[in-house]
Amino acid sequence: MEYNHRETEQKWQRFWDENQTYRTDISPNKPKYYVLDMFPYPSGAGLHVGHPLGYIASDIVSRYKRLKGFNVLHPMGFDSFGLPAEQYAIQTGQHPAVTTEQNIARYIEQLKNIGFSYDWSREVRTSDPAYYKWTQWIFMELFRSWYNKDTDRAEPIETLLEKFATNGTTDVNAVCDEDTPTFTAAEWNAMSKRESYEITLKYRLTYLADAVVNWCPALGTVLANDEVKDGVSERGGYPVEQKLMRQWMMRITAYADRLLTGLDTIDWSESLKEQQRNWIGKSVGASVKFPLVKEERRKGGEEERNLDAVSPSSFIEVFTTRVDTIYGVTFMVLAPEHELVPQLTTPEQRAAVEAYVNAAKMRSERDRMADTKTVSGVFTGSYCINPLSGEKVPIWLADYVLAGYGTGAVMAVPSGDQRDWTFATHFGLPIVQILDTQKDLDKQADNTKEGHYINSGIINGMTYQEATQTLIAWLEERGLGKGKVNYRMRDAVFSRQRYWGEPVPVYFKADPDGKVLPYLIDESDLPLELPAVDKYLPTETGEPPLGRAEGWRYHPKGKANTSPSPETGEGRGEGYEYELSTMPGWAGSSWYWYRYMDPKNETSFASKESINYWRNVDLYIGGTEHATGHLLYSRFWNKFLKDRGYVPEEEPFKKLINQGMIQGRSNFVYRVKGTGVEGTAPVFVSQSLLDGRDVTPLHVDVNIVENDVLDVDAFQRSRPDLAEGATFELDGDKYIVGAEVEKMSKSKFNVVNPDMIVEKYGADVLRLYEMFLGPLEQAKPWNTNGIDGTFRFIRKFWRLFYGENSDGSDKWLVTDEEPTPAELKILHKTIKKTQDDIENYSFNTTVSAFMVCVNELTALKCHKRAILQDLVLILSPFAPHITEELWAALGNEPGTVSKASFPTFNPAYLVEDAFDYPIQINGKVRTTISFAIDRAASDIEKEVLANEVVQKWLEGKQPKKIVVVPKRIVNVVV
RNA sequence: GCCGGGAUGGCGGAAUAGGUAGACGCGCAGGACUUAAAAUCCUGUGGGCCGUAAAGCCCGUACGGGUUCGAUUCCCGUUCCCGGUACCA
């Protein structure tokens with residue numbers, strides 16, 4: 001009987017479910033191993049064959065580690081808040097919870113079909129109130145914390161209040177808002193409760209701020225930078241504009257340095273770490289103040305040129321990484337959006353400046369970035385003073401300076417910076433050499449740090465190091481500047497003007513003087529559940545969808561609710577207004593790996609016991625698209641939770657692997673141009689007969705193509721719109737289709753559903769084939785064609801155990817005979833290869849080793865239990881169903897293959913007594929000769945030289961040299 | 001532009017402390033079994049040359065150099081492809 005994959009696989013999947021085979025509990029006497037997949041967003045389209053790639057790899061590692069004696073935590077859940085469900089709700093009125101539930105059910109069914117060893121009792125869903133209760137709680141903890149730069153960690157807000165009460169702001173070294181006032185202890189203690197509370201809001205790790213955000217009018221929501229691609233929303237592709245809005249922010253910048261240095265402690269790919277480093281964008285330099293020229297201020301005339309009113313005072317502040325080049329500054333460049341521009345513009349220059357600023361506004365960010373060749377800029381008419389040289393420096397505007405980075409102003413040093421050089425050359429501004437080593441300044445800038453300074457006042461003759469130190473000290477002494485570290489990374493916007501997300505556990509209360517401030521709801525009121533709304537759109541007044549929830553107001557327990565609505569003044573006694581925005585997509589995914597440790601806990605996000613046992617993720621597998629989003633935010637929250645003593649590890653994901661994307665392989669049919677239109681019958685030509693004919697390629701469903709041969713009948717049946725009355729020009733009796741690698745997508749008719757593969761070939765075959773396709777981290781196209789190889793392998797493997805009696809019934813072939821050395825060698829070579837390859841995540845080569853093993857055992861007609869039982873075990877991580885079946889057939893307790901031990905590799909079986917040496921003449925192999933392993937090199941030399949083939953190549957000459965590498969090669973140099 | 005990764009048969013890919021390039025699989029070709037097909041099994045399969053055959057020779061890991069007894073592997077330069085990105089002061 002042939003192996004029946006359908007019956008067997010379903011049987012074991014049911015068994016595992018019913019017996020909770022993969023249920024995991026804490027067992028302190030076993031080492032732990034935590035294998036995590038990036039949990040999916042359950043989309044309506046279901047899984048395609050590309051999705052499970054990483055899940056299969058992680059499942060193999062999980063099963064392998066179990067056999068190796070580890071207690072393995074391997075859970076799965078769903079990142080179930082998100083835009084598509086909300087978009088669907090807007091269109092259909094269907095509550096997102098309903099569609100999400102349906103999609104999850106389908107995902108679970110598909111996942112269970114593939115035989116993953118997840119502990120499903122630990123499943124989490126971010127949209128479940130029992131889950132997001134703790135997302136909200138973490139938000140509250142962030143609100144209740146500040147970042148102490150002295151201890152370099154987050155602390156409860158109470159430690160800040162103590163400092164204020166005893167010493168005011170003197171001892172406080174915190175990450176906080178720019179406009180935070182300084183005060184004494186006495187001043188602090190004299191403040192009203194409201195005043196002091198308002199001050200603490202500037203220190204908390206989550207805070208309200210007016211932020212320029214990516215506002216997407218079509219989606220009615222704010223998007224994170226990484227959700228915007230090329231000026232349109234990543235999901236949906238709608239236009240996005242910049243808008244100033246009051247938003248909840250996360251002070252992730254407080255952690256910038258730790259996020260950077262932590263990268264050195266984790267085992268992630270270099271490219272991924274580099275992406276995070278670039279995103280954080282640390283640069284070390286100095287900020288310098290350039291005072292504005294006083295005479296300019298005087299003769300400015302009446303028109304708003306009162307520079308004394310300019311905030312904060314009369315200077316331009318720049319950030320530079322090359323303060324040593326300050327004597328080379330010949331002009332100043334501001335971003336067109338810089339706040340001082342209106343005040344700095346002289347009446348003569350006003351028209352030109354306004355034209356330039358407007359033109360810059362019109363150009364999209366994209367245009368400005370794409371166009372780096374054109375030089376543009378305009379002079380404001382004003383000057384500032386170089387604080388070092390005392391020279392007058394003209395102030396220009398140019399759009400190569402970005403408002404959002406540094407201070408939005410640059411001190412231009414054309415001799416050292418290429419952009420400044422280009423600008424100076426274009427506008428005829430002077431270029432001053434400042435280092436004796438700079439050369440070819442008439443052709444380009446030279447950014448060298450070598451040599452000694454010239455034309456440079458107090459640093460003349462110094463080297464780079466000396467000059468930098470001297471200048472920073474000089475500037476700090478005079479309050480004109482200081483050493484500064486600048487980061488590209490900004491604080492993260494945490495608000496979304498949408499419905500399907502976690503409500504923010506905050507309400508607003510107006511104080512007697514009318515000032516409205518945010519307050520946390522009481523912890524006992526968590527979870528703050530999403531209210532029902534009539535529509536999932538913003539309100540008519542532009543409020544987020546939660547503004548539609550009727551009577552949704554906060555009523556603190558045991559307190560009078562007397563605050564009127566801050567907007568309307570109405571609603572006295574009806575409770576307080578809630579925050580109406582919801583949390584972003586990354587909130588729920590920034591801590592989920594902890595919830596798996598203790599998913600049902602109602603008193604904390606996970607028990608201390610479980611967290612201290614499982615600690616962090618040993619292996620994390622997922623896509624590279626989360627490089628700067630999820631993976632950065634998760635590290636941020638993890639560090640915060642560690643600071644506050646809730647978790648023990650600084651980094652959440654020790655080892656991370658990015659699985660490569662599985663691309664689609666599209667198939668095409670070719671319709672002759674001019675046919676199939678206006679009632680004419682279409683003519684399709686086989687790809688093999690094209691030969692330059694004028695045709696239109698059309699996508700054809702890959703599921704009706706086999707080995708690039710089209711099932712013509714199926715094509716005509718499934719696409720009557722295309723193939724009605726068509727004629728086909730065949731190559732022999734075959735229509736050969738064309739092929740191209742594209743993204744896997746419905747519109748390209750190249751989606752392959754894993755369910756179909758499982759039905760036809762079995763889950764074990766799907767698992768083996770996905771691994772066999774190539775290295776895990778590499779992107780590769782899916783081509784169902786090759787799957788026959790792994791299908792045959794499984795059946796060949798089965799035939800080592802079962803044959804057929806003459807009446808057609810099953811014949812059990814396994815015997816208890818003693819294995820031969822040759823059989824043991826095959827087995828142990830495969831054991832070694834399997835464990836080495838799994839430890840190196842090289843799954844494709846493991847599958848090939850299994851094939852070799854089964855081929856060799858088949859050739860030897862080996863049916864011995866002593867060999868096959870171990871082979872079942874080492875194959876079980878890859879093909880759990882068939883091995884579970886055979887494990888039971890071998891007489892083991894059913895369902896226990898995952899609870900056995902990985903066979904021990906015994907090198908003794910691999911010892912060879914002879915080696916076939918390739919014999920090279922001048923580096924080319926001419927023959928091979930077998931020598932005993934312990935044969936002396938001099939003996940080998942002699943025998944090689946005596947060899948007939950070697951003699952022939954020597955042509956009677958004496959060899960120059962003979963290289964003998966034991967157990968490798970012999971090379972005779974003539 | 002910069003950063004990271006890559007380029008090996010018709011195809012997916014193997015082999016790097018430098019040591020027989022093309023494991024394994026697909027596809028293809030031929031054969032066995034079968035009334036036939038499917039399934040299965042066997043043989044061959046980088047290109048070229050020479051041969052009836054056996055055997056043998058030459059070329060070959062994107063391209064051009066180099067180091068070495070020996071290079072897919074190391075070094076220098078070039079081209080192309082994929083991913084990322086920031087005009088970052």
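The shortest distance between the side-chain N/O atoms of A/Asn844 and the OP1/OP2 oxygens of B/rA14 is below 4.0 Å. For A/Arg419, a side-chain nitrogen or oxygen approaches OP1 or OP2 of B/rC88 to under 4.0 Å. Applying the 4.0 Å criterion to OP1 and OP2 of B/rG12, one finds that A/Lys780 has every side-chain N and O outside that range. OP1 or OP2 of B/rC59 has at least one side-chain nitrogen or oxygen of A/Lys924 nearer than 4.0 Å. A sub-4.0 Å separation between OP1 or OP2 of B/rA89 and a side-chain N or O of A/Ser283 is present.
Rounded to the nearest Å, the gap between the C1' atom of B/rU67 and that of B/rG77 is 15 Å. Straight-line distance between the C1' atoms of B/rC50 and B/rC58: roughly 11 Å, to the nearest whole Å. Straight-line distance between the P atoms of B/rU16 and B/rG65: roughly 28 Å, to the nearest whole Å. For the P atoms, the distance linking B/rG46 with B/rA23 amounts to 8 Å, nearest Å. Rounded to a whole angstrom, the distance from the C1' atom of B/rU61 to that of B/rA15 is 11 Å. Rounded to whole Å, the C1' atom of B/rC26 lies 24 Å from the corresponding atom of B/rC81. Rounded to whole Å, the P atom of B/rA14 lies 13 Å from the corresponding atom of B/rG9. Distance noted for atom C1' between B/rG27 and B/rG13: 14 Å (whole Å).
More than 12 heavy atoms of other shown residues, nucleotides or ligands fall within 6.0 angstrom of atom CD in A/Glu270.
Residue contacts for A/Asn486: at a heavy-atom cut-off of 4.0 Å it reaches no nucleic acid atom on any strand shown. Using a 4.0 Å heavy-atom distance criterion, A/Arg926 is classed as a sugar-phosphate-only contact. Residue contacts shown for A/Trp953 are limited to sugar-phosphate atoms, with no base heavy atom under 4.0 Å away. Base contact: A/Val965 has a heavy atom under 4.0 Å from a base atom. At the heavy-atom level, A/Lys960 lies nowhere under 4.0 Å from the strands shown. Nucleic acid contact for A/Pro781: none, since no nucleic acid atom lies under 4.0 Å from a heavy atom of the residue. Within 4.0 Å of A/Arg799, counting heavy atoms only, lie sugar-phosphate atoms of the nucleic acid but no base atom. Note on A/Asn278: a base of the nucleic acid sits closer than 4.0 angstrom, heavy atoms only.
The side chain of A/Asn855 has B/rC24 as its nearest neighbour among B/rC24, B/rG4, B/rU20. Comparing B/rG4, B/rG25, B/rU20 against the side chain of A/Gln920 picks out B/rU20 as the nearest. When distances run from any side-chain atom of A/Val925 to the nucleotides B/rG12, B/rC87, B/rU20, the shortest one goes to B/rU20. Minimum atom distance to the side chain of A/Ile969 is reached by B/rU20, of the listed B/rC88, B/rU20, B/rC41. In this structure, the nucleotide among B/rC87, B/rG13, B/rC24 sitting nearest to the side chain of A/Phe772 is B/rC24.
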Apply the test salt bridge (Lys or Arg N to Asp or Glu O under 4.0 Å) to residues A/Arg795 and A/Asp788: give CA-CA distance (whole Å), side-chain angles for both, the deciding distance (0.1 Å), then the verdict.
CA-CA 11 Å; A/Arg795 283 179 300 172; A/Asp788 278 337; over 6 Å; no

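We find that CZ of A/Arg792 is positioned 8 Å from C1' of B/rC26, with the value rounded to whole Å. In this structure, A/Ile787 places its CD1 atom 16 Å from C1' of B/rG27, rounding to the nearest Å. If you measure from atom CD1 of A/Ile929 to atom C1' of B/rU20, you get 13 Å, rounded to the nearest angstrom. A/Trp798 places its CH2 atom 21 Å from the C1' atom of B/rC41, with the value rounded to the nearest Å. Across the protein-nucleic acid pair, A/Leu773 atom CG and B/rC11 atom C1' stand 12 Å apart, rounded to whole Å. In this entry the distance linking CD of A/Gln778 with P of B/rU8 reads 10 Å, nearest Å. Remark: P of B/rC28 and CG of A/Asp788 are 10 Å apart, rounded to the nearest angstrom. For the pair A/Trp279 CH2 and B/rC2 P, the interatomic distance rounds to 22 Å; values are reported in whole Å.
Across the strands present, B/rG44 finds its partner in B/rC28; the criterion is a Watson-Crick or G-U wobble pair with both atom distances under 3.5 angstrom. A 3.5 Å limit on both hydrogen-bonding distances identifies B/rC3 as the Watson-Crick or G-U partner of B/rG83.
A donor atom on one side chain and an acceptor atom on the other are found under 3.5 Å apart for A/Ser666 and A/Glu742.
With RNA chain B read from its 5' end, the first of the two nearest nucleotides for A/Val963 and A/Ser848 is the one closest to A/Ser848. Nearer to the 5' terminus of RNA chain B, by closest-nucleotide assignment, is the contact made by A/Val973 (compared with the other of A/Gln275 and A/Val973).
Taking the six-membered ring for Trp and the full ring otherwise, A/Phe793 and A/Phe772 have centroids separated by 6.0 Å or more.
Annotation: side chain of A/Thr320 is in contact with side chain of A/Arg322 (closest heavy-atom distance under 4.5 Å). Put simply, the side chain of A/Arg935 does not reach to within 4.5 Å of the side chain of A/Phe915, judged on heavy atoms.
Side-chain N/O atoms of A/Glu777 and base N/O atoms of B/rG5 include no donor-acceptor pair closer than 3.5 Å.
More than 90° away from 0 lies the glycosidic angle of B/rG4, which makes this nucleotide anti.
Cation-pi geometry between A/Arg665 and A/Trp782 is not met at under 6.0 angstrom from the ring centre and within 45 degrees of the axis.
Judged purely by atom type and a 3.5 angstrom limit, A/Asn840 uses its side chain to pair as donor or acceptor with the backbone of A/Asp836.
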